[in-house]
Amino acid sequence: MSTPLAEALEAQRERLLPCVHCGFCLPACPTYNRLGDENDSPRGRLHLMKAVVEGRLDAASDAFRTHIDRCLGCRACEPVCPSGVEYGTLLELARHVAAERRPQGFLTRALLLVMASRPLRALFFLGGRVLRGSGLAAVGARVLPDVGPLRSARFGLAMLAATAAATTLAAKGERSAAAPSHDPPRGARRQVALLTGCVQEGLYGRVNDATRRTLEANGFDVVEVSGQDCCGALHAHGGDLERARALARANIDAFIAAGVELVVVNAAGCGAAMKEYATLLGHDSAYVARARDCAGRVRDVTELLAEVGPRRGAPVACSVAYDHPCHLLHAQRISQPPLRVLGAVPGVEVRVVANAEECCGGAGIYGITHPDLGGRIGRDKVAAVRGVGADLAATPNPGCMMQIGAGLVLEGARERVVHPVELLDESYRRAGYYGAPTSAP
Ligand code: SF4
Ligand code: SF4
């Protein structure tokens, strides 16, 4: 009987075959570009995986763990690969194999355990909201020294502080007398469900609320679906495939039982993971067909709004620095829909940041587990964001919002990061789509 480890090695063996070692992926890789080490490039990591699969290298070795752990999982190497190597899936399998041979670090294991458990997650995010609301997160990020083990704590607190609502947006929330659009809503009352998520629900409830409101304003019926859970992306990326599969099965059961036409996701990493549920459960004959069915219903919120052509709202005069989340651009191959959503807000001037297709260094929990390299990549991104001189930054993924937001907090910058639907929501509020226009809260 094959074991999960043997299955993972076999799945890797097949997926490694298409790589022709051409190296086209190297210039796209943020870790290779910064470290200059072939072992920290996609091709080098594929060589290491092959060595493990063929029994020439121990998956518990420092050499394997170091270079596989250093990968951001940003998947910038996938669209540029002429052979269609499924790098993201290979990375998850490699991390799974490594974790089977030698447990992950304590911080990673603790975070994955918390995210997989509803009660622990609720407690964890309650603590986070208290730290944020009391201002302790912002103070801690300011006073903790940027040295040794305190670096991760300092950055984690800055990430938490960065999840506070953007007062820049409210400050620009002058009452609008603009007449609401009388275009008929486009969604034709199609029934959709929202993945509420873990981080999104715990720290960005306002983004979920904005998503529901903007979908309703565009004619969709948003149905609440109980029984849904964390999407499992963090677990899959961390190599904890069994937990990722358990979470995926729970979501598949919940969304299919709800009978909704589409499952809307407002976190790029979660959407990418859900669209790949059939790969994650490819070995599970009882679930693979249902996984394919569920995955086929998943849409990023910007993808769906752009598909129907979002209603225009009232003006929100501001400039926005837009950055692409890797799991939207590289994993889901979606680039224009978030810009179309922002384009539906009159008065918004969108400026795409330089090198917007490069990872911000957030990569799930990478910014905390790899404060040096993640910090370096993150500082480059923050410099690019600030370089466009906009009032706000926007990116449709909570991990990127927290990573870029933390960098801005640590630099004492005034800019804050929002999800594009937050701006659309503000525009609709001012247009009176939710009732009489009011000033910003
Ligand atoms: S992963 Fe693709 S681009 Fe990179 S070396 Fe292999 S075949 Fe070439
Ligand atoms: S996923 Fe990103 S960091 Fe990892 S090898 Fe590919 S391009 Fe490099």
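These values consider heavy atoms only, across backbone and side chains, with no hydrogens, waters or symmetry-generated copies. Residue numbers start at 1 and run along the sequence shown. Whatever order the structure lists them in is the order used to number ligands and atoms, beginning at 1.
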>> Tell me the protein heavy atom at minimum distance from atom 4 (Fe) of ligand 1, and give that distance in Å.
In response: Cys25 SG, 2.3 Å
>> Under a 4.0 Å threshold between the charged nitrogen and the carboxylate oxygen, would Asp293 count as salt-bridged to Arg297?
In response: yes
> To which protein heavy atom is atom 7 (S) of ligand 1 closest, and what is the distance rounded to 0.1 Å?
Replying inline: Val20 N, 3.3 Å
>> Tell me whether Arg290 forms a cation-pi arrangement with Tyr287, defined as NZ or CZ under 6.0 Å from the six-membered ring centre and within 45 degrees of its axis.
In response: yes
> atom 1 (S) of ligand 1: which protein heavy atom is closest, and how many Å away?
Replying inline: Leu46 CD1, 3.5 Å
> Tell me the side-chain hydrogen bond (donor to acceptor under 3.5 Å, both in side chains) pairs involving residues 394-410, sequence neighbours left out?
Replying inline: none
>> Between Arg206 and Asp425, does any NZ, NE, NH1 or NH2 come within less than 4.0 Å of an OD or OE carboxylate oxygen?
In response: no
> Measuring from Phe124:CZ to Leu111:CG, what's the distance to the nearest 0.5 Å?
Replying inline: 5.5 Å
>> So that I can tick it off, tell me whether Arg45 and Asp40 are bridged by a salt bridge, with the cut-off set at under 4.0 angstrom between side-chain N and carboxylate O.
In response: yes
> Which residue pairs pass the ring pair (Phe, Tyr, Trp, His ring centres under 6.0 Å) test when at least one of the two sits in residues 28-72, sequence neighbours left out?
Replying inline: His21-His47
> Backbone or side chain, does Cys81 get an N/O/S atom under 2.8 Å to atom 4 (Fe) of ligand 1?
Replying inline: no
>> List the residues meeting ring-ring contact (aromatic ring centres under 6.0 Å, His included) with Tyr366, not counting sequence neighbours, and say none if there are none.
In response: His370
> Which of the numbered atoms in ligand 1 are below 4.0 angstrom from a heavy atom of Ser83?
Replying inline: 7 (S)
> What is the nearest protein non-hydrogen atom to atom 8 (Fe) of ligand 1, stated with its residue, atom name and distance?
Replying inline: Cys22 SG, 2.3 Å
> What residue and heavy atom of the protein are closest to atom 5 (S) of ligand 1, and at what distance?
Replying inline: Gly23 N, 3.3 Å
> Is it true that Arg243 and Asp240 make a salt bridge, defined as a side-chain N closer than 4.0 Å to a carboxylate O?
Replying inline: yes
> What protein N/O/S atoms sit under 2.8 Å from atom 4 (Fe) of ligand 2, by chain and number?
Replying inline: Cys71 SG
>> With a 4.0 Å cut-off on N to O distance, would you call Glu411 and Arg386 a salt bridge?
In response: yes
> Between Arg213 and Glu422, is there a salt bridge with N-O shorter than 4.0 Å?
Replying inline: no
> Does ligand 1 have an atom under 4.0 Å from some heavy atom of Pro82?
Replying inline: yes
> At under 4.0 Å between heavy atoms, which part of Cys19 makes contact with ligand 1: side chain, backbone, both or neither?
Replying inline: both
> Looking at His21, which atoms of ligand 1 are within less than 4.0 Å of one of its heavy atoms?
Replying inline: 5 (S), 6 (Fe)
